[in-house]
> 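Below is the structure I would like to discuss, written out as structure tokens.
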Amino acid sequence: MRFWLCWLTALLLAGCDGSDRQLAKESLLYCAEGAPLTFNPQLAASTQTLDATAHQLYDRLLDINPVTLQPEPALALSWHRSDDGLRYRFTLRPGVQFHHTAGFTPSRPFNADDVVFSFQRLIDGNHPYHAVSGGHYPFFDSIGLSGLIREVRALGPREVEFVLSRPDASFITNLATDYAVILSAEYGAQLLAAGTPALLDQQPVGTGPFLLAQYRIDDFIRYHRHPGYWRGEVALAQLVFDITPKSSKRLAKLLTGECDVMAHPGASQMAVIKSHPELVLDQATGMNVSVLALNTQKPPFDDVRVRKALALALSRDDILQAVYFGIGSAAESVLPPVSWGYHPNLLMPLPDAARARWLLAQAELADGFDMTLLLPAGARSFNPDSLKTGQLIQRRLGELGIRVRLQSLEEQILRRELMAGEQDAVLTGWSADNPDPDNILHNLLSCQAIATGTNASRWCHPLFERQLAAALTAPNLSERIGYYHRAQEIMQLDMPLIPLNHTLKQQAHRRTVHGLQLRPYGGVALRQAWKE
């Protein structure tokens with residue numbers, strides 16, 4: 001305990017004496033697996049970015065209720081949809097305060113101008129902030145938000161209207177995703193006048209439960225409590241994200257008390273965590289999938305026979321046991337069984353090396369070929385050990401004469417590679433941001449998602465696109481389900497990617513920590529956490 005207190009107080013730049021015990025009690029250390037790419041989740045699709053920023057710094061118009069999985073009020077108190085499904089009006093919550101920081105003192109509470117500012121940046125190429133920080137909005141670009149929203153306008157200080165170009169059944173749930181954060185228009189104007197607009201994404205101002213106090217790159221992030229938070233004062237005075245990529249080190253810190261919460265424990269660590277009297281393991285159903293995405297725009301993966309041969313060569317059960325230690329399930333589709341769009345009658349082919357060799361021979365590749373498989377460095381919420389998964393794939397494909405070179409890349413570099421589109425294949429996946437099947441299907445497989453890098457197979461299929469489009473305008477749920485079933489059938493016939501596994505969401509924490517919320521979708525939320 002003495003070591004823990006000294007370490008913590010050193011980190012918090014305070015002394016190490018008895019007076020810091022209260023500070024330690026009101027401070028929580030979260031051991032994260034990686035650093036955020038930005039402090040604005042509009043700009044990134046990485047798990048680390050969402051975990052560190054989306055629910056600590058910001059709020060959205062709507063949230064997803066973790067029990068009913070339906071949208072519920074957040075910064076918007078209520079909303080109304082027009083009968084034709086083209087207009088949505090939101091009544092905003094009064095009296096919500098933005099963060100006061102060293103660089104910004106808000107002169108007014110949150111209002112409709114902030115909503116307009118936050119969404120105009122995304123959809124208007126002429127907006128002064130659209131191109132700031134790169135001008136790429138992976139999630140919103142992949143769902144075609146700029147083509148969907150024709151206009152967003154303030155009808156008054158507390159009323160906003162969105163005008164859509166077409167009805168879209170997923171619009172409301174997309175407003176509740178981690179990416180749909182509300183920024184301060186007043187802060188944006190101040191930075192623009194000062195000639196420093198990029199600080200909007202680097203020195204953030206939101207309405208969330210914590211405000212950014214310090215960031216030491218790739219080391220730690222320190223947040224302070226947001227006084228006057230509209231949901232009520234949070235128990236934690238300080239929240240520290242300790243960036244520790246190796247899961248073995250995260251576990252060691254959790255065991256010694258240098259961390260209170262550990263993100264994404266490895267499957268092989270479950271037994272240690274469960275047997276330790278001071279630790280608790282949280283598990284929740286995760287709507288996620290890991291996949292092997294094959295670049296369908298590049299030979300030999302532009303040949304469906306080659307893609308199907310690789311699918312027949314792999315054993316998803318071997319990966320499930322060796323990498324996930326059986327925690328999860330082998331994927332039969334990109335949608336997990338918990339999704340209401342899941343196709344119950346769709347099955348991935350069982351391993352069949354003889355059939356795989358025959359398909360390769362038909363493609364005039366009986367002697368195999370060379371390929372590079374890109375891997376994300378570190379753990380992901382949908383894959384605890386990409387390197388080990390890659391090694392298993394390498395071994396299996398090697399039996400067919402396919403020589404696989406593994407290349408592990410940091411998130412930012414990997415994203416650039418995928419956007420450039422020169423890769424052979426990549427081990428990737430998706431953790432859903434809301435319950436709508438469109439969230440996974442659109443981001444992993446739509447034509448729009450190619451430019452954002454989330455469609456790593458670069459597959460663009462007209463029939464598949466029609467199913468997604470029809471599902472979003474279908475008048476009822478049963479018709480939507482039918483369209484998503486057909487979409488999954490088309491995907492499996494063409495096999496642009498190979499679904500591998502679904503897994504549970506997991507985190508471990510010390511028994512003295514309470515109020516943690518392991519959300520089924522998106523990043524972590526720590527505003528309700530407290531310590532004994």
> Would you list the pairs meeting disulfide (SG to SG under 2.5 Å) in which at least one residue belongs to residues 37-142, sequence neighbours left out?
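Passing the test, one end in residues 37-142: no pairs.
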> Can you tell me how far apart CZ (F98) and CG (D114) are? Round to the nearest 0.5 Å.
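Output value for this atom pair is 3.5 Å.
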> Which pairs, with at least one residue in residues 454-475 and sequence neighbours excluded, count as a salt bridge (charged side-chain N to carboxylate O under 4.0 Å, His left out)?
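The answer is none; no pair qualifies.
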> Excluding sequence neighbours, so at least two apart, what forms side-chain hydrogen bond (donor to acceptor under 3.5 Å, both in side chains) with D59?
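If we apply the side-chain hydrogen bond (donor to acceptor under 3.5 Å, both in side chains) test to D59, skipping adjacent residues, the hits are T207, Y229, W230, R231.
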> Which residues pass the side-chain hydrogen bond (donor to acceptor under 3.5 Å, both in side chains) test with S165, not counting sequence neighbours?
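Scan of S165 (side-chain hydrogen bond (donor to acceptor under 3.5 Å, both in side chains), adjacent residues dropped) gives none.
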> Among residues two or more places apart or on two chains, list those pairs meeting salt bridge (charged side-chain N to carboxylate O under 4.0 Å, His left out) that have a residue in residues 482-498.
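Residue pairs with at least one partner in residues 482-498: R307-D494.
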> E186: which residues meet the side-chain hydrogen bond (donor to acceptor under 3.5 Å, both in side chains) condition with it, sequence neighbours left out?
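Scan of E186 (side-chain hydrogen bond (donor to acceptor under 3.5 Å, both in side chains), adjacent residues dropped) gives S107.
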> Under the rule for side-chain hydrogen bond (donor to acceptor under 3.5 Å, both in side chains), what residues qualify as partners of Y187, not counting sequence neighbours?
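By the side-chain hydrogen bond (donor to acceptor under 3.5 Å, both in side chains) rule, Y187 matches no residue at all.
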> With ring pair (Phe, Tyr, Trp, His ring centres under 6.0 Å) as the rule and sequence neighbours excluded, what pairs involving residues 437-462 come up?
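Output for this query lists W459-H461, W459-F464.
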> Strictly by disulfide (SG to SG under 2.5 Å), give each pair with a member in residues 468-503 just once, sequence neighbours left out.
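Qualifying pairs: none.
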> For residues 198-214, which residue pairs qualify under salt bridge (charged side-chain N to carboxylate O under 4.0 Å, His left out), counting only residues two or more places apart or in two chains?
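Checked against salt bridge (charged side-chain N to carboxylate O under 4.0 Å, His left out) - neighbours excluded - the pairs reaching residues 198-214 are R121-D201.
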> Write out all pairs satisfying salt bridge (charged side-chain N to carboxylate O under 4.0 Å, His left out) with one or both partners inside residues 330-344, taking only residues at least two apart or from two chains.
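Those involving residues 330-344 are R316-E332.
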> Applying disulfide (SG to SG under 2.5 Å), which residue pairs with at least one partner in residues 445-505 are found, sequence neighbours left out?
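Counting only pairs at least two positions apart or across chains, the disulfide (SG to SG under 2.5 Å) contacts touching residues 445-505 are C447-C460.
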